[in-house]
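A note on names: the letters A, B, ... follow the listed sequences, proteins ahead of strands, and every chain is numbered from 1.
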Amino acid sequence: MLVNPQRVRTLKKESQTKGPVIYWMSRDQRVSDNWALLYAQELAQKHDSPLAVAFCLVPQFLGATGRQYRFLLQGLKEVEKNLQALNIPFFLLQGDPGKEMARLLSELGAGALVSDFSPLRQSREWKAAVAVETEIPFYEVDAHNIIPCWFASPKQEWAAYSFRPKVNRLLFEFTDEFPALQKSPERNSPSENGAIENDWAAAQGCLKADTAPEAKWIMPGEAAAMKQLGNFLEHKLAGYERDRNDPNKDGQSGLSPYLHFGQISAQRIALEVLKSMKDAGSFLEELIVRKELSDNYCYYNQHYDDMQGFPAWAKTSLSEHEKDRREYLYTLQELERAHTHDDLWNAAQQEMLQTGKMHGYMRMYWAKKILEWTESPAAAQAAAIHQNDRYELDGRDPSGYTGIAWSLGGVHDRAWKERAIFGKVRYMSYNGAKSKFDVKTYISKWSHPQ
DNA sequence: ATCGGCTCGCGCAA
DNA sequence: TGCGCGAAGCCGAT
């Protein structure tokens, strides 16, 4: 057994036929270190069937712009090239994934389907649609979390402290080394007409995405991700705990865009970090506990992107303060243009607009101020999610929805001293930021276009 | 510079 | 049933 069966669950129970095994790549856009792809290969070899990979490009997805699609498409071209070297065909589809995947499966006479895992509702709807349409076995493999989301905990966790021991108990079992993906035999083609020609220009053309300034400072793709990991291990890991919360220092890993698109595996990062440093507790806390807790929240709480997901104490407290007078009220447009009275907030907004990646510490301050400056918590949450999904390279991710729910709604947090607007939700202040790092340097860095 | 109070409810020990 | 404790804090007192 190559892939730990605990990483796999059955979405549709049928018996596998002779046809090709298809890995429906979605959240985990990489060839290396991908448990879903490895499992699909395992099934193909067991039945002596061909193996193929398909990705369905959605022309309009949760406010993604050209900035994110460029990152995604360049990464996928690398996936195609790496799969070619292994004789594994890659199909680039476009349209509604539920419909297009079902069509491909029937065209190819597929014998089994394997997908990766995402807790987000769109992904779950697509899979449900495919499961209805098809009569072949359909498996889901959590290739994103180190500990499969449904296995780590059977319920929504209250906070990190309740989740952490569950993770720690299972971590050793699930930090096993990845077996190598095998090269497929030459005859491994699911289609009669030989090689597949994906039309990348047409894929680009089908997008209905708004434009946003390209994030030119970061190279997409698996190879670039591994390079960034090497750079982090060599230069930043040792000082991570000290530097990570100073937005003026480049102390964070810089891996979150790659993690979001699955261009690198969190488990690969963990394996390499553990090899290079014994006590990497604070980094592994971020990489594993916090990130997998975000998946836990979105998976078990269907209200992960609205206020109903907040804990009862926060909902009550926020509603008691909904009528509090707001000293500043901004429209979404004023926020988007970084036109507020707060130069620190504007700087964070500019960092996000210009680069597609706001520093982690500032993300909390940024979201909390939106709560302070909009007419209601619901409007604040909508505005924060809209911008996060639109501008951040790692937007549209469980970590984003959960981070915003933490900032605005006390999710995974505790109650604090009651105050206007926020009620008992933790407040953050300009003065607090000043006491932690040199805000002037950060402001001047981002107050002019880079 | 440092400290305590603020405040909720889970998870576990008993 | 009681108790300890928690992602990043704030604020006023000392």
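A cation-pi contact links A:Arg121 to A:Tyr304, judged by a cut-off of 6.0 Å to the six-membered ring centre and 45° from its axis. Cation-pi check for A:Lys368 over A:Trp373 is not met; the charged atom does not lie both under 6.0 angstrom from the ring centroid and within 45 degrees of its normal. A cation-pi arrangement, defined by a distance under 6.0 Å to the six-membered ring centre and an angle within 45 degrees of its axis, is present between A:Arg414 and A:Trp416.
Ion pairing between A:Glu140 and A:Arg9 holds under the 4.0 Å rule for side-chain N and carboxylate O. Salt-bridge formation is not detected for the pair A:Lys291/A:Glu285: no Lys NZ or Arg NE/NH1/NH2 atom is positioned less than 4.0 Å from an Asp or Glu carboxylate oxygen. At a threshold of 4.0 Å, the pair A:Glu80-A:Lys77 does not count as salt-bridged, since none of the basic side-chain nitrogens sits closer than that to a carboxylate oxygen.
Contacts of residues 408-420 of chain A with DNA chain C (heavy atom under 4.0 Å): A:Arg414, A:Trp416, A:Arg419. Shown for residues 296-319 of chain A: residues whose heavy atoms fall under 4.0 angstrom of DNA chain B, namely A:Trp313. Contact check of residues 364-378 of chain A against DNA chain C (heavy atom, cut-off under 4.0 Å) returns A:Met364. Within residues 154-168 of chain A, the residues approached by DNA chain B to less than 4.0 Å at the level of any non-hydrogen atom are A:Lys155, A:Glu157, A:Trp158, A:Tyr161, A:Ser162, in residue-number order.
For the pair A:Tyr365/A:Asp342, a side-chain contact is recorded, criterion being any heavy-atom separation below 4.5 Å from C-beta on.
Comparing the P positions of C:dG4 and B:dG4 gives an interatomic distance of 16 Å, to the nearest angstrom. If you take atom P in B:dC12 and the same atom in C:dA7, they sit 15 Å apart, rounded to whole Å. Using P as the reference atom, C:dG9 and B:dC10 are 24 Å apart when rounded to the nearest Å. Separating the C1' atom of C:dA8 from that of B:dG11 is a span of 23 Å, rounded to the nearest Å.
Shown here are the salt bridge (charged side-chain N to carboxylate O under 4.0 Å, His left out) partners of A:Glu78, two or more places apart in sequence or in another chain: there are none. By the salt bridge (charged side-chain N to carboxylate O under 4.0 Å, His left out) test, A:Arg363 is found to be paired with A:Glu392, A:Asp394, residues two or more places apart in sequence or in another chain being considered. Residues that satisfy the ring pair (Phe, Tyr, Trp, His ring centres under 6.0 Å) test with A:Tyr391, not counting sequence neighbours, are absent from this structure. For A:Phe178, the ring pair (Phe, Tyr, Trp, His ring centres under 6.0 Å) test picks out A:Trp35, with sequence neighbours left out.
Using a 4.0 Å heavy-atom criterion, one finds that A:Glu285 contacts no nucleic acid atom at all.
In the 5' to 3' direction, nucleotides of DNA chain B lying under 4.0 Å from heavy atoms of chain A begin and end at B:dC6 to B:dG11. In summary, contact between chain A and DNA chain C, defined as any nucleotide atom under 4.0 Å from a heavy atom of the protein, begins and ends at C:dG6 to C:dC11 in the 5' to 3' direction.
Note on ring orientation: taking the six-membered ring where Trp is involved, the planes of A:Tyr39 and A:Tyr139 are perpendicular (angle over 60°, cut-offs 30° and 60°). Below 30°, between 30° and 60°, or above 60°: for A:Phe422 and A:Tyr427 the angle between ring planes is above 60°, a perpendicular geometry.
Side-chain polar atoms of A:Asp343 and A:Tyr442 form no donor-acceptor pair below 3.5 angstrom. For the 3.5 Å distance criterion, the side chains of A:Trp366 and A:Gln387 fail to qualify, holding no donor opposite an acceptor. Checked by atom type, the side-chain pair A:Asn145/A:Asp295 shows a donor-acceptor distance below 3.5 Å.
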Which side-chain N or O atoms in residues 227-235 of chain A pair as donor and acceptor under 3.5 Å with protein atoms at least two apart or in another chain?
{"residue": "A:Gln228", "atom": "NE2", "partner": "A:Ser253", "partner atom": "O", "Å": "2.9"}

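Not one N or O on the side chain of A:Asp324 forms a donor-acceptor pair closer than 3.5 Å with the backbone of A:Ala420.
Each of A:Arg164, A:Lys166, A:His412 was evaluated against A:Glu157; a single residue qualifies, A:Lys166, per the side chain to side chain donor-acceptor pair (under 3.5 Å) test.
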(Q) For DNA chain C, please output the secondary structure as dot-bracket, reading 5' to 3'. Pairs are Watson-Crick or G-U wobble, both atom distances under 3.5 Å; mark crossing pairs with [ ], other-strand partners with |, unpaired with a dot. (A) ||||||..||||||
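Among all heavy-atom pairs drawn from A:Gln308 and A:Lys315, the shortest one is O-NZ, 2.9 Å.
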